[in-house]
Amino acid sequence: MSSWRPALSKNLKELRIHLCQTSPGSKGTREFITKHYPAIKRDNPHLPILVREASGVEARVFGRY
């Protein structure tokens, strides 16, 4: 288990992830969500995590403190 996951809810109020469903530029973001989202949500059940998919957008992550 990564030590940064439980600390997210202590520092962040919201995490927003924007990505494209098919773009090669968003591939890493899609893989990160698939691999890590369940553990992040398990360790931070009250942290809002919003994943927004839209065609042609550049993958970006926003944290609201």
Side-chain angles (χ1 to χ4, degrees):
M1 178 162 123
S2 296
S3 61
W4 57 269
R5 287 184 191 144
L8 282 178
S9 62
K10 294 177 186 174
N11 301 309
L12 279 178
K13 292 185 180 188
E14 178 181 85
L15 185 64
R16 289 180 183 237
I17 303 168
H18 295 186
L19 67 142
C20 178
Q21 305 96 314
T22 57
S23 150
S26 290
K27 182 180 179 191
T29 306
R30 289 191 304 271
E31 290 172 354
F32 177 85
I33 292 169
T34 302
K35 184 175 180 181
H36 296 288
Y37 179 86
I40 292 171
K41 198 60 183 171
R42 181 194 65 229
D43 293 342
N44 301 278
H46 301 295
L47 175 67
I49 301 174
L50 302 129
V51 179
R52 299 289 181 248
E53 296 179 326
S55 182
V57 300
E58 181 180 342
R60 299 174 81 183
V61 177
F62 301 92
R64 188 170 65 97
Y65 294 89

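In this text, all values refer to a predicted model and were calculated from it rather than measured experimentally.
A pairwise comparison of heavy atoms in A54 and V57 identifies O-CG2, 3.3 Å as the closest pair. Pairing each heavy atom of R30 with each of S23, the nearest pair is NH1-O, 2.9 Å. Across every non-hydrogen atom of C20 and S26, the tightest pair is N-OG, 3.1 Å. Residues Y65 and N11 share a closest heavy-atom pair of CD2-O, 3.2 Å.
Surrounding CD of E58 are at most 12 heavy atoms belonging to other residues, nucleotides or ligands under 6.0 Å away. Within 6.0 Å of atom NZ in K27, 12 or fewer heavy atoms from other residues, nucleotides or ligands are found, so the atom counts as exposed in its surroundings.
In this structure a side-chain-to-backbone donor-acceptor pair under 3.5 Å is missing from K13 to P48.
Going from atom CD1 of I17 over to atom CZ of F32 covers 6.5 Å, rounded to the nearest 0.5 Å. Taking CZ of R42 as the reference point, atom CG of N44 lies at 10.0 Å (rounded to 0.5 Å).
Counting heavy atoms from C-beta on, the side chains of I33 and L19 come closer than 4.5 Å.
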